[in-house]
Amino acid sequence: MIRKTLLFALAMLSLSACSKDAPEFDDYDPARDYFTFANTERFVTDHLELDLDVDFQKREFRGYAMLTMRRLDETATEVILDSRDLDVASAAVLVDKNSAPARFRFGETDELLGTPLIVTLPPEAGESFVLVLEYATSPESTALQWLPPELTAGGKQPMVFSQSQSIHARSWVPLQDTPALRITYEATIRTPRNLLAVMSADNDPLAARTGEYRFEMPQPIPSYLLAIAVGNFYFAPLGEDTGIYTEPELLDESVYEFADTQAMLETAESMFGPYEWGRYDLLVLPPSFPYGGMENPRLSFLTPSLLAGDRSLVAVVAHELAHSWSGNLVSNRTWRDIWLNEGMTSYIESRLMEVIYDVERANEERVLGYRELLGNFEQVPEDMQALAPRMTPEAGEDSQGMIPYYKGQLFLESLEAAFGREAFDEFLNGYFETFAWQTVTTETFLAHLEQDLLNTEGAPLTRAAVEPWLYEPGLPADAPVPVSSTLDAAAAASADWSSGAMATADIPIDVWSAQAVIHFINSLPQDLAHEKLADLDAVHAFSETRNAEIARAWFIQVAARRYTPAYPHLEAHLNRFGRGRLIAPVYQALAENGEDLSLAREMFERAKATYHPLVVMWISRGLDQAPG
Ligand code: BES
Ligand code: ZN
């Protein structure tokens, strides 16, 4: 039962798969990245220079990647890079402006990890050298979605965007694709003249549309934060250091929705120290963007499904902004430590929501997260429920769902509760200062926690008390339980209305937050009659809601209960959005309701041409493994 539902529910982190040479658990090294082929103990990269043509006809990037590398082991002559579906035409080594050709070959392809690219260095290469690779991407690149004009808001120009996290940078750049290393980068990108290129770098809001764009990223970043998008993008400012790139059709709406971004940035700085990256801009992409948001430095990528018209879903912006500290400034050493990125970011996201909106709004979102977490504990195998599990490509098969996010957040909230907000904020500030521009493992975090908090005089917690959070499944018995009075009221209304004690028209939906509406829907009892659902939809029009998260909650219920009158709207939802979170659980609910697996497959066939390659992978795996 557990396995069957997993791929759907957990696809979001999607490191799942089936590598052959996974190491033994006994030798598990928590500081080693098992998701790269790169021999980083022998060579490291300090800088990347890209020179790429963006070809929409062929759906390929073509050009050069130049890696400035250092040899750590003087006897080493073979550099192993990560790649996936890359066509490499030549390799050479630059030493003092002279070029010496280098031999290269591909190793054996692994379905999850891609293909090692092995370069034999010529004798000219010294301790430091530039490795020049001439290459092209494949139209199947897992990181890139090539959108025909029909899939954009404007409908006239094509678009392409990347999603490198976690291990897809290697499908558009040959490199050492591991969060354990940091590189600076620069790029020259040539595009059709009427389109604009933007990257996770120093975008210029005033850039002229010349078809040739130069970028620099002087702050060192892990490879998963390499990002690019090319499309009919225009810019609008939000505040002094913040603004929005998107298609002109979405610009006004986006400016309204994300108007609080500058305030979020200033609040975050006042709490966690200076923002180290220069500008902070948003890029609002088409609906096929597979995530809610992606924290590409200086330029968070966002789904347009956040455009609810009432700023109700902007916690995602607070989240991506928060990654500028937790994740981008201090990064997880390997994907096994992803809670350090996502849990700490979810914690900070809530803190920002308290200040920008109010404590109740933050608590509503905490409760929704907590509910999701409890659901995940029922689906994720126990050995993947620890914040710091033993994660190898093989063990990662079940991934962790949202556990790194909400269990991680709850862990930090429990520390805050124990030590007090002031002391905990001081600890976090010290953590960001100490580990800025570095990568950390859970064990490094724990050592720092011991030093700064646990070992202080009169500390209310010991190391033994916090270890279960990190190494054991589920939640410790004394874990905090988030509470929201408005969500309690929504749950009570759900029960009252279901039992007939409250009339449909009296459900105070119009005065509720979107989060309360979602909680109301999530709290509906199992055995609700279809007439009740019909009544609810007739009066409150959930099937036609503009709010993507309300729609998600509603259509999960519609599918789970086989409320077929709403199926046309459900299918419209599956066609409107391509963000995995919004659609995968709806497919899952259809596939698991006992009747609609083939209908789910048909709907997927009709919709999938509009989906991102990663989302196609997640949903088809889920449907392939569904029972029945
Ligand atoms: N960095 C993540 C997205 C991600 C995680 C991509 C793991 C690939 C692998 C991003 O910051 C994120 O967490 N997005 C969430 C936002 C939400 C939890 C507020 C999303 O997309 O839903
Ligand atoms: Zn995140």
Side-chain angles (χ1 to χ4, degrees), residues 9-16 35 112 142-143 161-169 171 177 179 200 221-227 264 282-285 287-297 299-306 312-332 334-353 362 364-366 368-370 372-373 376 391 396 399-409 515 518 548-549 552 577-585 612-615 617-618:
L10 306 178
M12 306 306 147
L13 288 170
S14 154
L15 284 175
S16 53
F35 296 89
L112 175 71
T142 48
F161 64 80
S162 67
Q163 169 58 43
S164 297
Q165 196 183 10
S166 301
I167 53 170
H168 300 284
S171 81
D177 196 9
S200 52
I221 58 167
S223 58
Y224 75 92
L225 296 176
L226 275 175
M264 288 178 177
L282 307 173
L283 172 67
V284 180
L285 286 161
S288 64
F289 184 63
Y291 291 98
M294 176 63 213
E295 66 271 28
N296 298 132
L299 182 66
S300 289
F301 287 17
L302 295 178
T303 169
S305 67
L306 304 181
S312 58
L313 304 179
V314 298
V316 175
V317 177
H319 179 99
E320 305 315 333
L321 169 68
H323 273 304
S324 307
W325 287 263
S326 44
N328 299 4
L329 183 60
V330 180
S331 311
N332 51 215
T334 76
W335 299 115
R336 171 259 189 182
D337 298 311
I338 194 169
W339 80 273
L340 287 172
N341 278 16
E342 298 301 345
M344 203 174 288
T345 295
S346 298
Y347 171 82
I348 296 176
E349 167 198 337
S350 286
R351 294 287 304 274
L352 296 177
M353 295 303 283
E364 289 182 349
E365 303 193 281
R366 288 186 178 109
L368 291 183
Y370 183 68
E372 223 171 297
L373 176 63
N376 277 204
M391 187 188 281
S399 192
Q400 296 187 279
M402 296 301 280
I403 289 173
Y405 290 74
Y406 300 126
K407 183 173 173 180
Q409 174 174 2
Q515 286 66 32
I518 291 164
E549 289 283 343
R552 169 185 188 268
F577 300 112
R579 176 183 174 193
R581 172 184 167 78
L582 296 177
I583 58 175
H612 189 278
L614 291 173
V615 175
M617 227 157 66
W618 302 335

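Both ligands and their constituent atoms are indexed starting at 1 by order of listing.
Under a 4.0 Å criterion applied to the non-hydrogen atoms of Gly292, ligand 1 contributes the atoms 20 (C), 21 (O), 22 (O). Of all atoms in ligand 1, numbered sequentially from 1 with element shown, those under 4.0 Å from a heavy atom of Tyr405 are 2 (C), 5 (C), 12 (C), 13 (O), 18 (C). Those atoms of ligand 1 that come under 4.0 Å of a heavy atom in Gln163, given as number and element, are 6 (C). Heavy-atom proximity to Glu320, at under 4.0 Å, picks out these atoms of ligand 1: 10 (C), 11 (O), 12 (C), 14 (N), 16 (C). Counting atoms of ligand 1 from 1 in the listed order, those under 4.0 Å from a heavy atom of Glu295 are 1 (N), 2 (C), 10 (C), 11 (O). Interface atoms of ligand 1 facing His323, defined by a heavy-atom separation under 4.0 Å, are 11 (O). If you number the atoms of ligand 1 from 1 as listed, the ones under 4.0 Å from a heavy atom of Ser166 come out as 9 (C).
Counting only N and O atoms by type, the side chains of Arg351 and Tyr347 include a donor and acceptor under 3.5 Å apart. Residues Glu295 and His319 bring no donor and acceptor atom of their side chains to less than 3.5 Å of each other.
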- Message: Determine whether Leu285 and Leu302 satisfy the following criterion, side chain to side chain contact (heavy atoms under 4.5 Å, CB included), listing intermediate values before the conclusion.
- Response: CA-CA 6 Å; Leu285 286 161; Leu302 295 178; over 6 Å; no
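In this structure, Arg552 has no salt bridge (Lys or Arg N to Asp or Glu O under 4.0 Å) partners at least two apart in sequence or on a different chain.
At a threshold of 4.5 Å between non-hydrogen side-chain atoms, the residues Trp339 and Asn332 do not count as touching.
In terms of heavy-atom proximity, Asn296 sits nearest to Tyr224 at ND2-O, 4.3 Å. Looking at every heavy atom in both residues, Asn376 comes nearest to Met402 through OD1-N, 2.6 Å.
Where the criterion is an N or O separation shorter than 3.5 Å, residue side chain and backbone included, Gln165 meets it with respect to ligand 1. Considering backbone and side-chain N/O of Glu342, one or more are found under 3.5 Å from N/O of ligand 1. In terms of polar-atom proximity, defined here as any N/O pair under 3.5 Å, Glu349 makes no such contact with ligand 1.
The aromatic rings of Trp618 and Tyr291 lie perpendicular to each other, with more than 60° between the two planes, well past the 30° mark.
Within the structure, the closest approach of Gly293 to ligand 1 falls below 4.0 Å when heavy atoms are considered.
Between His612 and Phe161, the ring center distance clears the sub-6.0 Å criterion.
The part of His319 lying near ligand 1 is the side chain, judged by heavy-atom distances below 4.0 Å.
Nearest N/O/S atom of Glu342 relative to the Zn ion (ligand 2): this is OE1.
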